[in-house]
Amino acid sequence: MKNPFVELLNLFYPNLCIICNEPLNKSENQICISCIQQIPRTHYHIQSDNPVEKRFWGKVNIFRATSFYFFHKGSPFQKLIHELKYKNNKEVGEVMGRLAAIELMESADFTTVDFVIPIPLHPKKYALRGYNQSECIANGISAVLKKPVDTSSLVRVMENTTQTKKSVYERYKNTSGIFEYKQGCIPDNSHLLLVDDVLTTGSTLEAAVEALSAIPGVRVSVFTLAVA
């Protein structure tokens, strides 16, 4: 039965697509189907030795790596990250995580994941923002892959300064040793999917992979919502 109040509210304050600002229908959430179809996807999940994986070559040992879509400054799809990180729109992270996970299912490599691990924020940063945007994405992925999200095994122990305007080497130095793995939390020989929002140089993800490498027989794969 329709709720008259909700119907009236939608009339004056309609739910709008965060990309094109057109009204959403009842089956759409955050993004309209038209905009979903136009997201500039990488399709790297079905491509071995893809450009995202090559960013980690010679640095850390990963099993697979992919990003869902291409990030370009000024693009309408930049709004997805902006809404997630700065507008308290946690739901867009889960929606995008679900969309990405549906495509990850096309690759046998990603269906063997045992745990989904979001890149953790430092406690001070978490307290300031109130949530972890990478965890929102991880929750969406988890809902589709049916694999648990682990937010306790990987810990951020150092509060590094902003990465903006830093060189590749400066970013590496800025992230070295910022994560620790809590010994014994994850079974040996597990396949972990490390999740972050945007891949730029990859230095933060490299530091996380290094920390998780303490697990005997571990395989670490990397997923980011976007790649710059």
Side-chain angles (χ1 to χ4, degrees), residues 14-25 27-47 49-56 64-107 110 116 118-119 121 125 129-141 143-144 162-168 170-171 174-175 193-206 208 221-228:
N15 289 321
L16 303 178
C17 172
I18 62 176
I19 302 298
C20 66
N21 291 319
E22 291 295 321
L24 297 171
N25 64 43
S27 65
E28 297 171 334
N29 189 0
Q30 297 289 323
I31 313 165
C32 69
I33 293 175
S34 177
C35 286
I36 287 174
Q37 293 174 338
Q38 296 178 59
I39 293 173
R41 291 167 170 78
T42 70
H43 298 292
Y44 288 159
H45 63 290
I46 54 175
Q47 179 184 343
D49 300 338
N50 64 61
V52 168
E53 292 178 350
K54 288 179 180 179
R55 294 197 185 193
F56 296 95
R64 289 296 313 276
T66 188
S67 300
F68 182 54
Y69 77 96
F70 294 105
F71 178 90
H72 300 290
K73 287 187 177 180
S75 162
F77 298 98
Q78 184 179 359
K79 293 180 182 178
L80 295 172
I81 300 298
H82 188 78
E83 284 278 327
L84 176 59
K85 292 184 72 169
Y86 307 114
K87 293 293 186 178
N88 198 35
N89 191 343
K90 292 174 280 189
E91 190 172 13
V92 71
E94 294 199 20
V95 169
M96 293 302 296
R98 285 172 180 267
L99 289 174
I102 290 171
E103 295 194 0
L104 287 180
M105 295 284 285
E106 298 171 351
S107 169
F110 289 99
V116 182
I119 289 288
L121 296 177
K125 185 69 170 288
R129 181 169 291 167
Y131 64 97
N132 178 357
Q133 72 277 6
S134 296
E135 185 176 342
C136 298
I137 300 167
N139 287 337
I141 292 173
V144 174
T162 179
Q163 299 280 72
T164 306
K165 297 183 179 179
K166 283 184 167 60
S167 68
V168 173
E170 288 171 335
R171 286 179 181 235
N174 193 43
T175 55
L193 183 63
L194 196 58
V195 174
D196 205 1
D197 50 8
V198 181
L199 174 64
T200 48
T201 64
S203 55
T204 299
L205 287 159
E206 289 168 25
S221 292
V222 170
F223 170 86
T224 66
L225 188 58
V227 55

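Quick caveat: nothing in here was measured; it's all calculated off a predicted structure.
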Determine whether [X] and [Y] make a side-chain contact, defined as any pair of heavy atoms from C-beta on separated by less than 4.5 Å.
X    : Y    : answer
E53  : Q47  : no
H45  : F223 : no
R98  : V95  : no
I39  : F77  : yes
I31  : L80  : yes
H43  : N50  : no
D196 : T224 : yes
I81  : L225 : yes

* Asked: Is there a donor-acceptor contact under 3.5 Å from the side chain of K79 to the main chain of I19?
  ->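 A pair under 3.5 Å: yes.
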* **Any donor-acceptor N/O pair, E83 side chain to V92 backbone, under 3.5 Å** => no
* **Pair K54 + D49: basic N to acidic O under 4.0 Å** =>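 No, K54 and D49 are not salt-bridged.
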How far does [atom1] of [X] sit from [atom2] of [Y], to the nearest 0.5 angstrom?
X    : Y    : atom1 : atom2 : result
E206 : T201 : CD    : OG1   : 6.5 Å
I18  : C32  : CD1   : SG    : 10.0 Å
I141 : L104 : CD1   : CG    : 6.0 Å
Y44  : S67  : OH    : OG    : 8.0 Å
L194 : S221 : CG    : OG    : 9.5 Å
R41  : Y69  : CZ    : OH    : 11.0 Å

* To do: Report the C-alpha separation of N29 and L24 in whole Å, then their side-chain angles, then the decisive distance to 0.1 Å, and conclude whether the side-chain contact (heavy atoms from CB on, under 4.5 Å) test is met.
  => CA-CA 7 Å; N29 189 0; L24 297 171; 5.7 Å; no
* To do: Could you tell me which non-hydrogen atom of R55 sits nearest to which non-hydrogen atom of A228, and how far apart they are?
  => NH2-O, 2.9 Å
* **Closest approach of M105 to V144 (non-hydrogen atoms, all atoms of both residues)** =>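 Taking M105 first and V144 second, the nearest heavy atoms are CG-CG1, 4.2 Å.
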* **Criterion side-chain hydrogen bond (donor to acceptor under 3.5 Å, both in side chains) on N89 and Q30, from CA distance to verdict** => CA-CA 9 Å; N89 191 343; Q30 297 289 323; 2.8 Å; yes
* Using the side-chain contact (heavy atoms from CB on, under 4.5 Å) rule, take T42 and V227 through it: C-alpha gap first, then chi angles, then the decisive distance, then the call. => CA-CA 9 Å; T42 70; V227 55; 4.0 Å; yes
* To do: Could you walk me through whether E22 and C35 pass side-chain contact (heavy atoms from CB on, under 4.5 Å), step by step?
  => CA-CA 10 Å; E22 291 295 321; C35 286; over 6 Å; no
* Apply the side chain to side chain contact (heavy atoms under 4.5 Å, CB included) test between I119 and each candidate in V195, V222, I137, L205; give the one that qualifies. =>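 Single side chain to side chain contact (heavy atoms under 4.5 Å, CB included) partner of I119 among V195, V222, I137, L205: L205.
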* To do: Specify whether F70 and H72 have parallel, tilted or perpendicular ring planes, treating 30° as the upper limit for parallel and 60° as the lower limit for perpendicular.
  => parallel
